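Quantities reported herein were computed from a predicted structural model and do not represent experimental measurements. Sequence lines set the chain letters: A, B, ... in the order given, protein chains first and strands last, and positions in each chain run from 1.
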Amino acid sequence: MPELPDVEAFREVLADCAQGRLVRRVDVRDSGVLNGVDAPRLRRELAGRRLAAPYRHGKWLFAPTDGPTVLFHFGMTGSLLCPEPGEPLARHDRVVLTFADEVELRYRDQRKLKGLWLADPATADRTVAEEGPDALTVGRKGFEAALTGRRARIKAVLTDQSALAGLGNLLADEILWRARLHPARATDHLSREDRDRLHRAMRRTLREAVRAGRVPPRPSWLTGHRDGEGETCPRCGTELSRGRVAGRGTVWCPHCQPADD
DNA sequence: GCATATGTTATGAA
DNA sequence: TTTCATAACATATG
């Protein structure tokens, strides 16, 4: 599930649920989601700490405390929730933080492809530095720099976190559809106007998706037509094409997004 | 059993 | 050097 808009929603969960509170208990129910830290050390290092303001870069979520910083990456199936008191534990609730007033924060994850890290603030900064600029806030110049020198197919570049941070498979398809660019177009063959359209489409798509807390599968969006046979383009009615681009399942409109380069 | 799935990463080939 | 496909990770669903 998680791409930038989802992670942004998890940041809000963290801010509402945990910011300013003291950690009372750390319950690691499946240490398979811990990276570079074991359950006893996580417990030791977090117990008694106070959560500061969380921040996000790309698909990474950072939860600084008055000690170490907790890093979250949600992989394909992770989520963060602040359940009502008494909400029974779900099968995939892997880590539960309980705060001083019994408020709970749960990291839930079916597939355990990623998970939690514990880092000092400098290491957290290094994680950010390894990525491209955040897709939600990058301006036209930063976007230009992210594409410059890249010859890969545009979808591969958009989803390459070291070029631009935050876009995943659904968002890349949605943005390219809005910008009327075929996902397999060579990045270095795009015109300035193509890149302008692409940046504008990215901004609009991200703003709306962040507002929705996800990439919304609305009928007016491409994402609303990914599943099922014979789906048609919500803009022109042409039957959508499906294939594999940059190793991922890809949907595009053969009429709105011509392949020629 | 097979294919698919919104994540990243290592590997070997082109 | 860059890019690509592929497999792998762990699990669920159709």
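Side chains of Trp117(A) and Val37(A) form no contact here, defined as non-hydrogen atoms less than 4.5 Å apart.
For the segment residues 204-224 of chain A, the set of residues with a heavy atom within less than 4.0 Å of an atom of DNA chain B is empty.
Residue Phe10(A) is grouped with residue Leu97(A) when hydrophobic side chains (ILVMFWY) are merged at heavy-atom distances under 4.5 angstrom, including chains of intermediate members.
Following rounding to the nearest Å, Leu71(A) (CG) and dG7(B) (C1') show an atom-to-atom distance of 16 Å. Straight-line distance from the CG atom of Leu167(A) to the C1' atom of dG7(B): 14 Å, rounded to whole Å. Regarding Arg242(A), its CZ atom lies at a distance of 12 Å from the C1' atom of dT4(B), rounded to whole Å. When the P atom of dA5(C) is taken as reference, atom CG of Asp160(A) falls 14 Å away, rounded to whole Å. Straight-line distance from the CG atom of Asp227(A) to the C1' atom of dT4(B): 11 Å, rounded to whole Å. Between the CZ atom of Arg248(A) and the C1' atom of dA5(B) there is a distance of 8 Å, given to the nearest Å. For the pair His57(A) NE2 and dT8(B) P, the interatomic distance rounds to 12 Å; values are reported in whole Å. Distance, Tyr107(A) OH to dG7(B) P: 13 Å, rounded to whole Å.
Considering only the side chain of Arg244(A), dA5(B) comes nearest among dA5(C), dA5(B), dT6(B). The side chain of Arg151(A) approaches dT2(C) more closely than any other nucleotide in the set dC4(C), dT11(C), dT2(C).
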Exercise. Could you walk me through whether Gln257(A) and His182(A) pass side-chain hydrogen bond (donor to acceptor under 3.5 Å, both in side chains), step by step?
Key: CA-CA 5 Å; Gln257(A) 299 165 269; His182(A) 191 284; over 6 Å; no
Practice problem: Carefully, step by step, assess Glu174(A) and Thr205(A) under the rule side-chain hydrogen bond (donor to acceptor under 3.5 Å, both in side chains). | Solution: CA-CA 8 Å; Glu174(A) 188 70 44; Thr205(A) 305; 5.8 Å; no
Practice problem: Could you go through the side-chain contact (heavy atoms from CB on, under 4.5 Å) check for Thr69(A) and Asp120(A) one step at a time? | Solution: CA-CA 6 Å; Thr69(A) 295; Asp120(A) 55 82; over 6 Å; no
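When each of Arg108(A), Lys112(A), Arg111(A), Arg91(A) is paired with Asp30(A), the salt bridge (charged side-chain N to carboxylate O under 4.0 Å, His left out) condition holds for Lys112(A) and for no other. In summary, of the residues considered (Asp194(A), Asp188(A), Leu147(A)), a side-chain contact (heavy atoms from CB on, under 4.5 Å) with Ile154(A) occurs for Leu147(A) alone.
For Thr250(A) and Trp60(A), each mapped to the nucleotide of DNA chain B holding its nearest heavy atom, the one lying further toward the 5' end belongs to Thr250(A). Remark on DNA chain B: of its neighbouring residues Lys114(A) and Arg111(A), the 5'-side contact belongs to Arg111(A), judged by nearest-heavy-atom nucleotide.
Aromatic ring pairs are classed by plane angle as parallel below 30°, tilted from 30° to 60° and perpendicular above 60°; the pair Tyr107(A) and Phe74(A) is tilted.
A sub-4.0 Å separation between OP1 or OP2 of dT8(B) and a side-chain N or O of Lys59(A) is present. Close to dA12(C), at under 4.0 Å from its OP1 or OP2, lies a side-chain N or O of His92(A).
Nucleotides dA3(B) and dT6(C), compared at atom P, are 13 Å apart to the nearest Å. When the P atom is used for both dT6(B) and dT3(C), the distance is 23 Å, rounded to whole Å. dT1(C) and dT8(B): their P atoms are spaced 25 Å apart (whole Å).
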Quiz item: Dot-bracket for DNA chain B, 5' to 3', with Watson-Crick and G-U pairs under 3.5 Å, [ ] for crossing pairs and | for other-strand pairs: what is it?
Solution: .||||.||||||||
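Minimum heavy-atom separation, Leu222(A) to Asp173(A): CD2-O, 3.5 Å.
For CD of Glu193(A), the number of neighbouring non-hydrogen atoms (other residues, nucleotides, ligands) closer than 6.0 Å is 12 at most.
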